[in-house]
Asker: 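I'd like to ask you about the structure that follows.
Numbers here are sequence positions counted from 1. Both counts, for ligands and for their atoms, begin at 1 and track the order of listing. Side chains included, hydrogens not; waters and symmetry mates left out as well; all remaining heavy atoms used.
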Amino acid sequence: MPIEAHVSRDPRGAQVVREEASLRVLKPRRAAPDHVVRPTRAEVDLTALRTNLRQVQRAAGTAKVWAVLKADGYGHGAPAVARTLERAGVDGVAVALLEEAIELRDAGIRAPILVMGGYYADSYEELLAHDLVPVVYHVGHLQALARAARTRGLGEVAERGLRVHLKIDTGMARLGVRPAELPAMLEAFAAFPQIVIDGVMTHLACADAADEQGDDSVRAQLTAFDRAVQAVRAAGHTPRWQHAANSAALLRSGVRSKASSSLDARFSAVRPGIAIFGGVASTRGDLELRQTLRLRSEIVDLRTIEVGEGVGYGHTFRATRRTTVATVPMGYADGLPRSLSNQFSLLVRGHRAPIVGAVSMDLVTLDVTDVPNPRIRDEVVALGAATPERNAPIGVRPATIEVEELARAAGLIPWDIMTSISRRVPRFYRT
Ligand SMILES: Cc1ncc(COP(=O)(O)O)c(C=O)c1O
């Protein structure tokens, strides 16, 4: 990475030279496991992750699997997830931001990395320096990339070309070349023979709507995508990769028996995100995907309140019986949505305990009156399986909270829950 020297003066006029990398990469500083005092933590099950990858590979058939690990690997910690998946044979990874891609390269990930967001500002050289594959969809991308390659000296890049994936907007209306603009874009490519269209991609808007309207929308987008790929080929390009499928589209294609061939979105590669982390029941089909995330804490305080007493900000809960209230150090600043206030139950040693009062920034309060013998340090689980008690009968599945269940109660989606677990919650990895 190029180093820039910044010269300034200190308050007494002495010259201060500060060197820093020209790209100020945002490094998410997450609480490290050995720095934390609080018992609140997220545990990532790497075995489940590997199982999910195998299941996804099965659904993908001959298509390559590019795992989508944006937003810090869906909140799991992208470097650890990428390392695990790379060792387990993933074909590539995809992220949204250049910063996310560089974090993975810095962590030693060697798999191909696709940068999907399309915003590279003045950091095109970083793309080249880190051997990243940018997604492009306007002429400015091509000009800047060619300029960066000139500045950097093409060297080895010249031999294999500057590889890019061209994004087509087939109906999401966010990013990508609109089909009507594709001929002009392909003409623009002619001025940059060093830029190679190695992949063509699109993103589906309604793949997880398992109804006729969803099917119609997917079919229309796939038809438009097919046409765009043909146009790219007709212009003399030979993209190795065509990809459109997120998890829902992949699972529709590979698993759902009523999926017709016109809904098969697998092409030569697929881009699943949520399926890698356990998926969503509505699109899981017959795949055995396992939830990879567990969010747990402990009771740190207990009190008994009388009938009529209120709990928490605004006293949104008032006791209608003598109530034992447990205080747990996990709040909305950790990723426990405030909309769960008085709406959901967490697991205290495997027993459901309703949230009473408002979820606050650092704390949540539970009614543990019906939990047998609640104590300080009892385990509280917000996501995932409760640790079985010592005397639990063998073979009985422990009580579990699925991400989907919690998301539904909060009026959110599983993606939202996973990616909102904040950086002050340390991630622990179980192998
Ligand atoms: C372009 C693109 N592809 C693939 C995915 C993966 O989606 P999912 O998590 O639904 O599998 C995403 C995530 O939003 C995305 O933005």
Asker: Scan Asp208, Asp211, Asp215, Asp264 and name whichever one has a salt bridge (charged side-chain N to carboxylate O under 4.0 Å, His left out) with Arg252.
Answerer: Asp215
Asker: May I ask you to decide if Thr62's main-chain N or O and Arg266's side chain share a donor-acceptor pair within less than 3.5 Å?
Answerer: no
Asker: Could you list the residues that satisfy side-chain contact (heavy atoms from CB on, under 4.5 Å) with Ile413, not counting sequence neighbours?
Answerer: Trp415, Asp416
Asker: Using atom types as modelled and distance alone, determine if a side-chain donor or acceptor of Arg41 lies under 3.5 Å from a backbone N or O of Pro33.
Answerer: no
Asker: Quick check on ligand 1: any N or O pairs to the protein under 3.5 Å? One line per pair.
Answerer:
residue: ligand 1; atom: 3 (N); partner: Arg271; partner atom: NE; Å: 2.9
residue: ligand 1; atom: 3 (N); partner: Arg271; partner atom: NH2; Å: 3.3
residue: ligand 1; atom: 9 (O); partner: Tyr74; partner atom: OH; Å: 2.5
residue: ligand 1; atom: 9 (O); partner: Ile274; partner atom: N; Å: 2.9
residue: ligand 1; atom: 9 (O); partner: Trp415; partner atom: NE1; Å: 2.9
residue: ligand 1; atom: 10 (O); partner: Trp415; partner atom: NE1; Å: 3.4
residue: ligand 1; atom: 11 (O); partner: Ser247; partner atom: N; Å: 2.8
residue: ligand 1; atom: 11 (O); partner: Ser247; partner atom: OG; Å: 2.5
residue: ligand 1; atom: 11 (O); partner: Gly273; partner atom: N; Å: 2.8
residue: ligand 1; atom: 11 (O); partner: Ile274; partner atom: N; Å: 3.4
residue: ligand 1; atom: 14 (O); partner: Lys70; partner atom: NZ; Å: 2.8
residue: ligand 1; atom: 16 (O); partner: Lys70; partner atom: NZ; Å: 2.8

Asker: Checking Asp169 side chain against Arg178 main chain: does a donor-acceptor pair fall under 3.5 Å?
Answerer: no
Asker: Just by modelled atom types, is the Val348 backbone N or O under 3.5 Å from a matching donor or acceptor in the His351 side chain?
Answerer: no
